[in-house]
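Have a look at the structure below before the remarks.
Just so you know, these numbers use all the heavy atoms, side chains as well, and skip hydrogens, waters and symmetry mates. Quantities reported herein were computed from a predicted structural model and do not represent experimental measurements.
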Amino acid sequence: MTRLDVRDIPPVNRHPTIHEEFEALEPGETLTIVNDHEPKPLFYEFQAEVERFDADGYEVEQIAPDEFVARFPKREA
């Protein structure tokens with residue numbers, strides 16, 4: 001599982017970085033991101049634009065007020 005903490009990445013670079021990391025995954029793997037807010041806009045973006053994103057397997061958990069852990073699974077072929 002790939003874990004990416006995006007809190008130190010400038011906001012303008014976060015989505016492109018996340019997309020790159022997701023594309024590098026093998027089918028069946030999951031990208032886990034740590035963010036300072038709930039990544040709902042990113043979820044909708046992935047749902048609309050990323051064919052291999054398994055939206056049904058998406059999970060998000062709030063660990064602290066400024067720490068959200070979200071899992072973006074990559075669907076098998």
Side-chain angles (χ1 to χ4, degrees):
M1 176 176 15
T2 301
R3 185 177 175 96
L4 179 64
D5 190 333
V6 299
R7 293 176 291 182
D8 293 331
I9 298 174
V12 69
N13 296 329
R14 288 183 184 183
H15 285 207
T17 301
I18 292 166
H19 278 275
E20 287 174 15
E21 290 292 327
F22 185 83
E23 288 303 317
L25 294 176
E26 294 295 323
E29 292 185 326
T30 298
L31 174 62
T32 299
I33 67 164
V34 181
N35 204 354
D36 55 8
H37 62 276
E38 184 172 0
K40 207 58 158 168
L42 181 64
F43 168 80
Y44 291 128
E45 181 179 310
F46 262 67
Q47 192 175 39
E49 298 175 8
V50 181
E51 183 178 330
R52 301 295 289 278
F53 172 55
D54 179 6
D56 293 333
Y58 171 82
E59 298 175 334
V60 64
E61 178 182 5
Q62 184 174 4
I63 306 298
D66 62 346
E67 183 177 358
F68 290 79
V69 177
R71 291 166 190 82
F72 289 79
K74 189 169 190 176
R75 193 182 350 251
E76 296 283 344

Handout entry: Residues that Arg7 engages under side chain to side chain donor-acceptor pair (under 3.5 Å), provided they are two or more places apart
Key = Asp5

Problem - Members besides Val34 in its Ile/Leu/Val/Met/Phe/Trp/Tyr cluster (side-chain heavy atoms under 4.5 Å) - result: Ile63, Val69

Handout entry: Between CD1 on residue Ile18 and CD1 on residue Ile33, distance to nearest 0.5 Å
Key = 4.0 Å

Practice task
With sequence neighbours excluded, give me every ring-ring contact (aromatic ring centres under 6.0 Å, His included) pair touching residues 17-36.
Solution key: His19-Phe46, Phe22-Phe46

Handout entry: Residues that Phe43 engages under ring-ring contact (aromatic ring centres under 6.0 Å, His included), provided they are two or more places apart
Key = Phe53, Tyr58

Problem - Qualifying salt bridge (charged side-chain N to carboxylate O under 4.0 Å, His left out) pairs with a residue from residues 14-39, counting only residues at least two apart or across chains - result: Arg14-Asp36

Handout entry: Beyond-backbone contact of Pro27 with Arg75, side-chain heavy atoms, under 4.5 angstrom
Key = no

Fill in the blank from the handout: d(Leu25 CG, Thr2 OG1) to nearest 0.5 Å is 5.0 Å

Practice task
For His37, check side chain to side chain donor-acceptor pair (under 3.5 Å) against everything at least two apart and list the hits.
Solution key: none

Exercise for the section: Could you list all the side-chain hydrogen bond (donor to acceptor under 3.5 Å, both in side chains) pairs where at least one residue sits in residues 60-74, not counting sequence neighbours? Expected result: none

Exercise for the section: With sequence neighbours excluded, tell me which residues meet side-chain contact (heavy atoms from CB on, under 4.5 Å) with Asp8. Expected result: none

Problem - Distance, nearest 0.5 Å, that separates CG of Asn35 from NZ of Lys40 - result: 13.5 Å

Problem - Nearest heavy-atom neighbours spanning Phe72 and Ala70 - result: CE1-CB, 3.7 Å

